[in-house]
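A short worksheet on the structure shown next.
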Protein chains: 2
Amino acid sequence: MRIEDEIHQKEFKDDYRRLMANLLFTNNWLNQQLIPFFKGLGLTLQQHNVLAILRGQHPEPVCFGDIQNRMVDRNSNVTRLIDKLIEKGYVTRDICQTNRRMIEVRITETGLKKLQEVDAMFPSLMERFHNLSQEEAVLVSNLLDKLRG
Amino acid sequence: MRIEDEIHQKEFKDDYRRLMANLLFTNNWLNQQLIPFFKGLGLTLQQHNVLAILRGQHPEPVCFGDIQNRMVDRNSNVTRLIDKLIEKGYVTRDICQTNRRMIEVRITETGLKKLQEVDAMFPSLMERFHNLSQEEAVLVSNLLDKLRG
DNA sequence: ATCATATATTTGTATAGACAAGTAATGTAT
DNA sequence: ATACATTACTTGTCTATACAAATATATGAT
């Protein structure tokens, strides 16, 4: 459905403004799919993102700064995110012995199991992207990379 | 910059997951430009969105439901958004006389002036989109429309 | 060794978002 | 006419986000 019809706007001043509205609107559309999906699994998007980052380094730990730099949403408060994940038993935190300012975060077995549970559900989530062919998905992705510069 | 480099991830499981991460990351990038831009003008994105909708109908009023349906971010609480805009003197609200459940919202002269102030700054904001040619902007926009189905 | 500066994480706070429940006016079926 | 459902907006509450300030540790210059 054209963005003009989605937000009942006859036309945009220019193609860049149309793209801006479209990016914001599409992100909302995406969140409306992702938030309930992860909520059903007892996670938020950001919590899942952190777990996936930790799995990538497992069994090595990752410190807060590195977690932040690898997150899709850079605005998240890592301290409070990790607190939630510890409560759920998905990660551990320890003070780094070589630099005591840093915190080492590791994913637990329970956390790995939760990620496997998410993985099993992922294909059904990804179906919503299949309005685009694989080639089109690559094309959009590359153009977004180019947009950000 | 490629999304892989932005979030320090070697590769994605498939092109659709890469697109998903890229959409979320690009939206964050966009918000990091838009939020300070509008903040500098004393508005939030959603407040600006509402004012623009009201200008589109001016001098006719728009009711809450219609505002919600035309907003880029559908999750906004229109009641509280309008409260803020009334405080600032940018809109008025009146009970609709033909259906007393509905609220008629109108933009004021002050609101129109504020929008003119925003318009004057818009070209500088749009420069950040010029990494894409006009044709590419149209292409991405159309593919996003297609993605949502 | 001391002090200033930088780095890494934490905490506080004000505002916004998500979502459920509430209120008031209208429409509809009997 | 009355009761029930629907519509349109409001309010409450809990959580998350944005951003500034605070704390703790490490580094570097004198």
Side-chain angles (χ1 to χ4, degrees), chain A residues 24-25 27-40 42-50 53 61-88 91-106, chain B residues 24-25 27-40 42-50 53 61-88 91-106:
Chain A
L24 293 170
F25 186 83
N27 191 69
N28 267 275
W29 169 85
L30 183 56
N31 275 136
Q32 275 162 24
Q33 329 256 336
L34 295 179
I35 292 170
F37 173 82
F38 285 111
K39 193 169 192 174
L43 292 172
T44 65
L45 259 96
Q46 285 76 7
Q47 287 169 10
H48 175 260
N49 191 195
V50 170
I53 290 164
V62 186
C63 75
F64 276 49
D66 289 340
I67 291 172
Q68 190 122 40
N69 287 330
R70 292 175 197 189
M71 283 191 72
V72 173
D73 181 352
R74 297 283 161 80
N75 295 317
S76 303
N77 187 321
V78 179
T79 303
R80 293 195 266 241
L81 262 176
I82 299 294
D83 285 347
K84 287 285 162 62
L85 290 171
I86 290 172
E87 274 176 35
K88 292 175 184 172
V91 308
T92 60
R93 60 179 279 169
D94 303 284
I95 294 170
C96 172
Q97 289 312 312
T98 59
N99 184 343
R100 291 164 41 71
R101 285 173 302 185
M102 296 206 279
I103 303 289
E104 293 181 338
V105 185
R106 285 178 181 80
Chain B
L24 294 169
F25 186 84
N27 191 69
N28 267 276
W29 169 84
L30 184 55
N31 276 137
Q32 275 161 27
Q33 329 256 337
L34 295 180
I35 292 170
F37 174 82
F38 284 111
K39 192 169 194 175
L43 292 171
T44 65
L45 258 96
Q46 284 76 7
Q47 287 169 7
H48 175 259
N49 192 194
V50 171
I53 290 165
V62 185
C63 75
F64 276 48
D66 288 340
I67 291 173
Q68 191 123 38
N69 287 330
R70 293 175 197 189
M71 282 190 73
V72 172
D73 181 353
R74 294 285 160 80
N75 295 317
S76 303
N77 187 320
V78 178
T79 303
R80 292 196 266 243
L81 261 176
I82 299 295
D83 285 347
K84 287 285 161 63
L85 289 170
I86 290 170
E87 273 175 35
K88 292 177 185 173
V91 309
T92 59
R93 59 179 279 169
D94 303 285
I95 295 169
C96 172
Q97 290 311 313
T98 60
N99 185 341
R100 292 164 41 71
R101 285 173 302 183
M102 296 206 278
I103 303 289
E104 294 181 337
V105 185
R106 285 179 181 83

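Each chain gets a letter, A, B and so on, in the order the sequences are listed, and its residues count up from 1. Just so you know, these numbers use all the heavy atoms, side chains as well, and skip hydrogens, waters and symmetry mates.
Remark: C1' of D:dA24 and CG of A:Asn99 are 11 Å apart, rounded to the nearest angstrom. Rounded to whole angstrom, the span from the NZ atom of B:Lys39 across to the C1' atom of D:dT17 amounts to 11 Å. Between the CG atom of A:Asn27 and the P atom of C:dG17 there is a distance of 13 Å, given to the nearest Å. If you take CZ of B:Phe38 and P of C:dA16, they are 15 Å apart, rounded to a whole angstrom.
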Atom pairs, protein N/O to nucleotides 5-7 of chain D N/O, distance under 3.5 Å:
unit_1	atom_1	unit_2	atom_2	d
D:dT7	O2	B:Arg101	NH1	2.9

When you compare the protein's N or O atoms with those of nucleotides 3-5 of chain C, which come within less than 3.5 Å of each other, and at what distance?
none

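Here the side chain of B:Ile35 is nearest to one of D:dA18, D:dT17, C:dA25, namely D:dA18.
The stretch residues 63-82 of chain B touches DNA chain D through B:Cys63, B:Phe64, B:Gly65, B:Asn77, B:Thr79, B:Arg80, each having a heavy atom within less than 4.0 Å of the strand.
For A:Gln47, the side-chain hydrogen bond (donor to acceptor under 3.5 Å, both in side chains) partners are A:Lys88, not counting sequence neighbours. Checked against side-chain hydrogen bond (donor to acceptor under 3.5 Å, both in side chains), A:Asp73 has the following partners two or more places apart in sequence or in another chain: A:Gln46. Partners of A:Asp83 according to the salt bridge (Lys or Arg N to Asp or Glu O under 4.0 Å) rule, which considers only residues two or more places apart in sequence or in another chain, are A:Arg93.
Contact check, A:Lys84 against D:dT15: no side-chain N or O comes under 4.0 Å of OP1 or OP2.
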